[in-house]
Amino acid sequence: MSRISVRDTNLCVGCQCCMFACARRFGEAGLERSAISIRSAGGVERGFIVVVCRGCSNPPCMKVCPTDALKARACGGVILDQKNCIGCGNCVDACTLGAIFWDDEKNKPLICVHCGMCVEHCAYDVLKIEPRRDDGI
């Protein structure tokens with residue numbers, strides 16, 4: 001099993017191709033349903049911030065889910081069981097990285113499944129998919 005990691009945010013040009021690729025996983029053409037986000041760090045000259053699940057080994061989002069809709073992935077992070085999710089949003093609030101986004105249409109969280117679509121579509125080598133490390137993240 002693997003996880004997404006950020007190689008070097010200084011390489012990011014803010015093209016959002018990773019976000020579009022992730023949204024396509026849901027059959028969407030826009031950016032509303034992406035489990036990765038690229039944000040400005042304060043203007044083009046300051047660069048960009050890549051917000052994506054880093055695959056915590058002890059995910060705080062899972063601990064606060066009242067219905068056990070979040071299950072631990074073997075290599076870190078979580079998998080969402082849509083049918084058990086009640087849309088409370090506790091997981092969004094608990095994520096220390098702000099890497100759980102919200103699907104307004106479904107009233108459920110958008111959580112990275114570490115599929116690698118964003119990595120495949122990043123032309124600048126900002127992202128990589130790697131085996132799980134035992135570093136506590």
Side-chain angles (χ1 to χ4, degrees):
M1 303 263 309
S2 55
R3 69 179 184 151
I4 305 296
S5 68
V6 179
R7 283 182 184 209
D8 185 354
T9 56
N10 292 320
L11 298 173
C12 183
V13 298
C15 67
Q16 299 178 325
C17 286
C18 57
M19 293 176 64
F20 282 109
C22 182
R24 286 186 64 200
R25 174 174 71 107
F26 298 105
E28 297 287 324
L31 297 174
E32 291 81 31
R33 295 185 71 206
S34 177
I36 184 171
S37 178
I38 305 300
R39 298 182 181 146
S40 171
V44 175
E45 65 278 353
R46 293 187 118 169
F48 297 91
I49 299 166
V50 180
V51 182
V52 65
C53 175
R54 304 294 169 84
C56 300
S57 58
N58 192 12
C61 58
M62 185 177 74
K63 292 177 187 176
V64 299
C65 181
T67 60
D68 294 324
L70 297 175
K71 305 291 183 200
R73 291 178 71 238
C75 60
V78 295
I79 298 291
L80 175 66
D81 181 349
Q82 294 270 342
K83 67 181 180 341
N84 286 344
C85 179
I86 59 172
C88 67
N90 290 350
C91 55
V92 175
D93 296 334
C95 180
T96 57
L97 296 173
I100 297 180
F101 305 99
W102 198 254
D103 183 339
D104 289 324
E105 185 180 310
K106 291 188 175 183
N107 197 38
K108 304 222 186 263
L110 288 166
I111 298 176
C112 178
V113 295
H114 303 269
C115 66
M117 289 288 288
C118 57
V119 176
E120 289 176 30
H121 290 85
C122 179
Y124 298 95
D125 260 354
V126 175
L127 305 168
K128 68 179 174 177
I129 195 154
E130 63 182 12
R132 174 78 188 138
R133 297 182 315 207
D134 292 326
D135 61 3
I137 294 177

Atom of [X], atom of [Y] and distance for their closest heavy-atom approach:
| X | Y | value |
| --- | --- | --- |
| I49 | S40 | CD1-O, 4.2 Å |
| C91 | L70 | CB-CD1, 3.7 Å |
| P66 | I86 | CG-CD1, 4.1 Å |
| R33 | D103 | NE-OD2, 2.7 Å |
| V51 | G98 | CG1-O, 3.4 Å |
| S2 | C75 | O-SG, 3.1 Å |

- Task: Check the pair D8 / V126 against side-chain contact (heavy atoms from CB on, under 4.5 Å), numbers first and verdict last.
- Result: CA-CA 5 Å; D8 185 354; V126 175; over 6 Å; no
- Query: If we only count heavy atoms from C-beta on, is the I129 to E120 side-chain gap below 4.5 Å?
  - Reply: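 No, too far: nothing below the 4.5 Å cut-off.
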- Item | Expected output: side-chain H114 to main-chain I4 donor-acceptor under 3.5 Å |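 Present.
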- Message: Looking at G27, is its backbone amide N or carbonyl O close enough to the side chain of R24 to form a donor-acceptor pair, meaning the two atoms are under 3.5 Å apart?
- Response: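 No, R24 side chain to G27 backbone: no donor-acceptor pair under 3.5 Å.
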Can you tell me how far [atom2] of [Y] sits from [atom1] of [X], rounded to the nearest 0.5 angstrom?
| X | Y | atom1 | atom2 | value |
| --- | --- | --- | --- | --- |
| K71 | C65 | NZ | SG | 8.0 Å |
| I111 | M62 | CD1 | CE | 11.5 Å |
| C22 | I36 | SG | CD1 | 7.0 Å |
| K108 | D81 | NZ | CG | 9.5 Å |
| Q82 | K106 | CD | NZ | 5.5 Å |
| S37 | L97 | OG | CG | 12.5 Å |

In terms of hydrophobic clusters joined by side-chain contacts under 4.5 Å, are [X] and [Y] together?
| X | Y | value |
| --- | --- | --- |
| L80 | V113 | no |
| V64 | F101 | no |
| I38 | L31 | yes |
| V78 | F26 | no |
| V119 | Y124 | yes |

- Message: Quick one, D125 with R7, criterion salt bridge (Lys or Arg N to Asp or Glu O under 4.0 Å). Give me CA distance, side-chain angles, the key distance, then yes/no.
- Response: CA-CA 7 Å; D125 260 354; R7 283 182 184 209; 3.7 Å; yes
- Message: Within the supplied structure, the quantity of interest is the number of heavy atoms (other residues, nucleotides, ligands) at a distance under 6.0 Å from F20 CZ; does it exceed 12?
- Response: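 It does: F20 CZ has more than 12 such atoms within range.
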